Amino acid sequence: MKYALITGGSRGIGRSICVKLAEMGFSVLVNYQSNKAAAEETKSLIEQRGGIAELLPFDVADGAAVEKNLSEWQMAHADDYIAVLVNNAGIRRDNYMFWMSDEEWKTVLDTSLNGVFYVSRILVKYMMNKKFGRIINIVSISGVNGMAGQTNYSAAKAGIIGMTKALALETAKKGVTVNAIAPGFIETSMTKDLPQDELKKLVPMQRFGQPEEVADLVAFLASEKSSYITGQIISISGGL
Ligand code: NDP
């Protein structure tokens, strides 16, 4: 059985990634924080297509919870390992820096950056032992270019970009690739409060992307076909 873990798989981009990887034949572990109903919906979308899914709820920002859940999963699946990890869980709490609270700064860094460290640190060991693995980090154009009102989010995503490049160097000899995908504006609940009509004008393609378009790129990076690509940050942004 080939296992793939997608953090934040209950909704949005994560849900599309779960469905896509299940279609590729992966047994999908759907992580989420609290929205069980949405996670169940992801699971049933996978099962309707003949795929296999298991729910694995935990808060990626809580290092102890990550450790507990992933070691319990590993103990229950002694002969298997998670070959593909998609670090997708992320949140935004926008504010200009001069108004930004400690809480807004800390929550975004804890979930969007520290969460990637906690989950990857555990799974990368198994991938290196088995001499095959794929780590795919969902970052953002905000982390590449910076975005006003998002110093916390841009810092978190830029941090993951640095982590991606450094970890790729640590794992390259062991058959484990580490890459990041930087989406522009994608239509999900994360962007539903944004002024879409105004923002679309900034995008050369004049539209927001769809979660499925991101999932297709993840699918390529998760496949054997991407075996010579590591340490890269690939944008998917309609030319933004
Ligand atoms: P959504 O807000 O639609 O979904 C967020 C997902 O992350 C949910 O599944 C949520 O779980 C999960 N999540 C949030 N916090 C935690 C946590 N602490 N532990 C575990 N899971 C958590 O987001 P998107 O699909 O839009 O975004 C997915 C990723 O893509 C994020 O990393 C985001 O930064 C990035 N991105 C998105 C863009 C966009 O335009 N939408 C653009 C660029 C990057 P639950 O349902 O339980 O709350």
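Heavy-atom basis, side chains included; hydrogens, waters and symmetry copies ignored. As the structure is a prediction and not an experimental result, all values here were calculated from the model.
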### Message
Show every side chain to side chain donor-acceptor pair (under 3.5 Å) that has at least one partner inside residues 227-240, sequence neighbours left out.
### Response
none
Could you list the donor-acceptor pairs under 3.5 angstrom formed between side-chain atoms of residues 153-160 and any protein atom two or more places apart in sequence or on another chain?
{"residue": "S154", "atom": "OG", "partner": "S142", "partner atom": "O", "Å": "3.1"}
{"residue": "S154", "atom": "OG", "partner": "M147", "partner atom": "N", "Å": "3.3"}
{"residue": "S154", "atom": "OG", "partner": "Q150", "partner atom": "O", "Å": "2.8"}
{"residue": "K157", "atom": "NZ", "partner": "I138", "partner atom": "O", "Å": "3.0"}

### Task
Determine which pairs satisfy ring pair (Phe, Tyr, Trp, His ring centres under 6.0 Å) with at least one residue from residues 192-216, sequence neighbours left out, and list them in order.
F185-F208
Listed pairs under 3.5 Å, donor-acceptor, residues 77-86 side chains, sequence neighbours left out:
{"residue": "H77", "atom": "ND1", "partner": "W73", "partner atom": "O", "Å": "2.7"}
{"residue": "H77", "atom": "ND1", "partner": "W73", "partner atom": "NE1", "Å": "3.4"}
{"residue": "Y81", "atom": "OH", "partner": "F132", "partner atom": "O", "Å": "2.7"}

### Query
Ignoring hydrogens and geometry, is there a side-chain-to-backbone donor-acceptor pair from R15 to P211 under 3.5 Å?
no
### Task
Indicate the atoms forming the closest heavy-atom contact of V30 with A53, along with that distance.
CG2-CB, 4.4 Å
### Task
Could you name each residue pair satisfying side chain to side chain donor-acceptor pair (under 3.5 Å) that touches residues 160-175, not counting sequence neighbours?
N137-T164
### Query
If you look only at pairs with a residue in residues 108-134, which of them pass as a salt bridge (charged side-chain N to carboxylate O under 4.0 Å, His left out), with sequence neighbours excluded?
K106-D110
### Message
Working to the nearest 0.5 angstrom, can you tell me the gap between N88 CG and N31 CG?
### Response
9.5 Å
### Message
Could you list the cluster mates of F98? Members are the ILVMFWY residues connected by side-chain heavy atoms closer than 4.5 Å, either directly or through other members.
### Response
Y96, W99
#### Entry: Backbone N/O of L194 and side chain of T191: donor-acceptor pair under 3.5 Å
no
### Message
Going by salt bridge (charged side-chain N to carboxylate O under 4.0 Å, His left out), name the residues that satisfy it together with K201, two or more places apart in sequence or in a different chain.
### Response
E198
### Query
Quick one: side-chain hydrogen bond (donor to acceptor under 3.5 Å, both in side chains) partners of T111, sequence neighbours excluded?
none
### Query
Any ion pair linking E103 and R93 (charged N to carboxylate O, less than 4.0 Å)?
no
### Message
For the CD1 atom of I13 and the CD atom of Q210, what is their distance to the nearest 0.5 Å?
### Response
10.5 Å
### Query
Where is the tightest heavy-atom contact between I91 and V108, given as atom of each residue plus distance?
O-CG1, 3.9 Å
### Message
For the backbone of M190 and the side chain of R92, can you confirm whether one donor and one acceptor N or O come within less than 3.5 Å of each other?
### Response
yes
### Task
List for me each residue that meets salt bridge (charged side-chain N to carboxylate O under 4.0 Å, His left out) alongside E54, sequence neighbours excluded, and say none if there are none.
none
### Summary
Nearest heavy-atom approach of S10 to T42 is O-OG1, 3.1 Å
### Summary
In short, N95 meets M100 closest at the heavy-atom pair O-CE, 3.3 Å
### Task
Locate the shortest heavy-atom distance separating V119 from N87; write the atom from each residue and the value.
CB-OD1, 4.0 Å
## Note on the structure
Here the salt bridge (charged side-chain N to carboxylate O under 4.0 Å, His left out) pairs for residues 210-236, sequence neighbours left out, are K20-D216, R207-E213
### Message
Just verifying a value: how many Å separate I236 CD1 and I186 CD1, rounded to the nearest 0.5 Å?
### Response
6.0 Å
### Query
So, the side chain of N179 versus the backbone of I229: is there a donor-acceptor pair under 3.5 Å, distance only?
yes
### Query
Of all residues at least two apart in sequence or in a different chain, which pass the salt bridge (charged side-chain N to carboxylate O under 4.0 Å, His left out) check with D102?
none
### Task
For residues A22 and I46, report the shortest heavy-atom separation together with the two atoms involved.
CB-CG2, 3.5 Å
